[in-house]
Amino acid sequence: MATKVPRRQLFIGGQWTVPVRRKTLPVVNPATEEIIGDIPAATSEDVELAVEAARKALTRNNGKDWSRASGAVRARYLRAIAAKVTERKSELANLEAMDCGKPLDEAAWDMDDVAGCFEYYADLAEGLDAKQKAPLSLPMDTFKGYVLKEPIGVVGLITPWNYPLLMAVWKVAPSLAAGCTAILKPSELASLTCLELADICREVGLPPGVLNILTGLGTEAGAPLASHPHVDKIVFTGSTATGRNIMTSAAQLVKPVSLELGGKSPIIVFDDVEIDKAVEWTMFGCFWTNGQICSATSRLLVHERIADEFLDKLVKWTKNIKISDPFEEGCRLGPVVSKGQYERVMKFVANARNEGATVLCGGARPEHLKNVLYFVWQHLKKGYFVEPAIISNVTTSMDIWREEVFGPVLCVKTFSTEDEAIHLANDSQYGLAGAVLSNDLDRCDRVSKALEAGIVWVNCSQPCFTQAPWGGTKRSGFGRELGEWGLENYLSVKQVTQYISNEPWGWYKPPSKL
Ligand SMILES: NC(=O)C1=CN([C@@H]2O[C@H](COP(=O)(O)OP(=O)(O)OC[C@H]3O[C@@H](n4cnc5c(N)ncnc54)[C@H](O)[C@@H]3O)[C@@H](O)[C@H]2O)C=CC1
Ligand SMILES: N=C(N)NCCCC(=O)O
Ligand code: NA
């Protein structure tokens, strides 16, 4: 079942590289609280080496090996990586589940998405060649012009722990497809699968330095990457606070950033839905990935006419969620990622209670894990498990309504009119996602337009396809990943304008002949 945790080093210039300061960080399995291995911890010295390796890879052989090679050349590597991910799917899924606590079934699904993402951007890399030199239609026939799309250069990719490998690959695949070279800095809370991606790159013979992977702390490895003068762009997914720090340091160098930050997304349930179906999507929208999704629809707005019946069913279904070690058959909720995250989630619930909200269910350690006999199943007493919580009687000024919890916690309000629902839904500093559930599709259209968000789900919540743009508005950040937008993120647009007339330009008077 459980896979042995490989011991890896930093991946710089195609080589396993011991960190200059020889630091390591422990790897904790959040379901058992056990230390199951360690990862190398990079510091600014290693960032220097990785940036140098990436710059070299960008221009090696005049760029002909990578950045100026045809997209078809790069696509071959992306497909080879996809094939290896598929070959090693079960090992990778095991490592992912052990490292971040998500149920094994979810981790396996992520690995399919990872391979699919490499395949998808392989296709787009191939398509890129045909899109070069797109002609511009100019208003003067003495000129003609076209557009070149060129890789931005060396990119820094900083990623979170909720989808450790998938969030990295949403950035790695398009950046390599575009012809960039990259330095990936995964989250220190879950880096194992990203280090295995390094191993895969080695196995497929990716040219050295094209992808460098630095594990380590945000302040020690992420910050020097964000502020490095030879890193041309930073693409980040994570908390709004860290996104702000990254943008601040990038701003000093006028370095572009693309930020996918926090959210507090609404799910609006109208009174004409099939209740059981809507209940399940509401749960999936907030409790999938143990509630740790930036797009989680964690604010439920339910029509007052069905609220009692809906909440009654929602609580019953929620109490029925199988909470267990991620490796147990049928697990649908594992532990949150770390002790810090566990405490943070519990504090949100306690504060909500203190402020007068009603906890309809959950928000504590699961009973069945609390009462296990010490000498029989000691390990089950451990683990950062939180029972999924549903919280009602909230006001719009409470933290539980306003702040991203990043755990299995759903708060609820009722509404009576469509306008009121939209107003409540948009009452947030965030604007990542939103969902509307109704059998009236005209209403769904109206609400989709009215929601201030980059992603809207109709009659569902969370399904996410590589082909569709992903990203937010307001304080959820800017820029779009995935789809063709995900590739544009790594391309810089150059216009080439040519004067084609046989006549002189004729603006200045020719000097008179003496
Ligand atoms: N919306 C989202 O996708 C995510 C939200 N969060 C929220 O943020 C809270 C804090 O969790 P963290 O893991 O600390 O998230 P974080 O946003 O600080 O971490 C994300 C990545 O940024 C790196 N990082 C941290 N500080 C940095 C800095 N100064 N410069 C450059 N890189 C830096 C981290 O090492 C990690 O790779 C969580 O409790 C959760 O509520 C966390 C992860 C993802
Ligand atoms: N894999 C799916 N469906 N969604 C990923 C959402 C990742 C995020 O938190 O940004
Ligand atoms: Na971990």
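The analysis underlying the following values was restricted to heavy atoms, covering all of them including side chains, and did not include hydrogens, waters or symmetry mates. Indexing begins at 1, ligand by ligand and atom by atom, following the structure's order. Fair warning: this is a prediction, and the values are worked out from it, not measured in the lab. Starting from 1, each residue takes its place in the sequence as its number.
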>> Taking the ring of W281 and the ring of W288, is the distance between their centroids below 6.0 Å?
In response: no

> Among the heavy atoms of A226, does any lie under 4.0 Å from an atom of ligand 1?
Replying inline: no

> Would you say atom 14 (O) of ligand 1 touches the protein, meaning some protein heavy atom is under 4.0 Å from it?
Replying inline: no

> Is R79 salt-bridged to D123, cutoff N-O under 4.0 Å?
Replying inline: yes

>> Which residue is it: D199, L184, L157? I am looking for the one with a side-chain contact (heavy atoms from CB on, under 4.5 Å) to I213.
In response: L184

>> Is the contact between I246 and ligand 1 made by the side chain, the backbone, both, or neither, using heavy atoms and a 4.0 Å cut-off?
In response: side chain

> Near the Na ion (ligand 3), is there an N/O/S atom from W161 that is less than 3.0 Å away?
Replying inline: no

> With no hydrogens and no angle check, is any side-chain donor or acceptor of T242 less than 3.5 Å from a backbone partner on G238?
Replying inline: no

> Near W288, which atoms of ligand 2 are under 4.0 Å from a heavy atom of that residue?
Replying inline: 1 (N), 2 (C), 3 (N)

>> If you take the centroid of each ring, where Trp contributes its six-membered ring, are W317 and F287 closer together than 6.0 Å?
In response: no

> Hey, does Q292 sit under 4.0 Å from ligand 2 if you only count heavy atoms?
Replying inline: no

> With a cut-off of 4.0 Å, which atoms of ligand 1 are near a heavy atom of P160?
Replying inline: 43 (C), 44 (C)

> Is ligand 1 under 4.0 Å from a heavy atom in the side chain of T159, in the backbone, in both, or in neither?
Replying inline: backbone

> Heavy-atom contact under 4.0 Å between W109 and ligand 2?
Replying inline: no

>> Does ligand 2 come near enough to C294 that some N or O of the ligand is less than 3.5 Å from an N or O of the residue?
In response: yes

> Any N/O of W170 closer than 3.5 Å to an N/O of ligand 2?
Replying inline: no

>> With a heavy-atom distance limit of 4.0 Å, tell me whether A221 approaches ligand 1 through its side chain, its backbone, both, or neither.
In response: neither

> So does K264 pair up with E403, basic N to acidic O under 4.0 Å?
Replying inline: no

> Does some non-hydrogen atom of the protein lie less than 4.0 angstrom from atom 1 (N) of ligand 1?
Replying inline: yes

> Do the ring centers of W170 and W470 come within less than 6.0 Å of each other?
Replying inline: yes

> Using heavy atoms and a threshold below 4.0 Å, how should the contact between E260 and ligand 1 be classified: side chain, backbone, both, or neither?
Replying inline: neither

> Does an N or O anywhere in N162 fall below 3.5 Å from an N or O of ligand 2?
Replying inline: yes

> Considering only the protein, which heavy-atom contact is closest to atom 1 (N) of ligand 2, and what is its distance?
Replying inline: L166 CD2, 3.4 Å

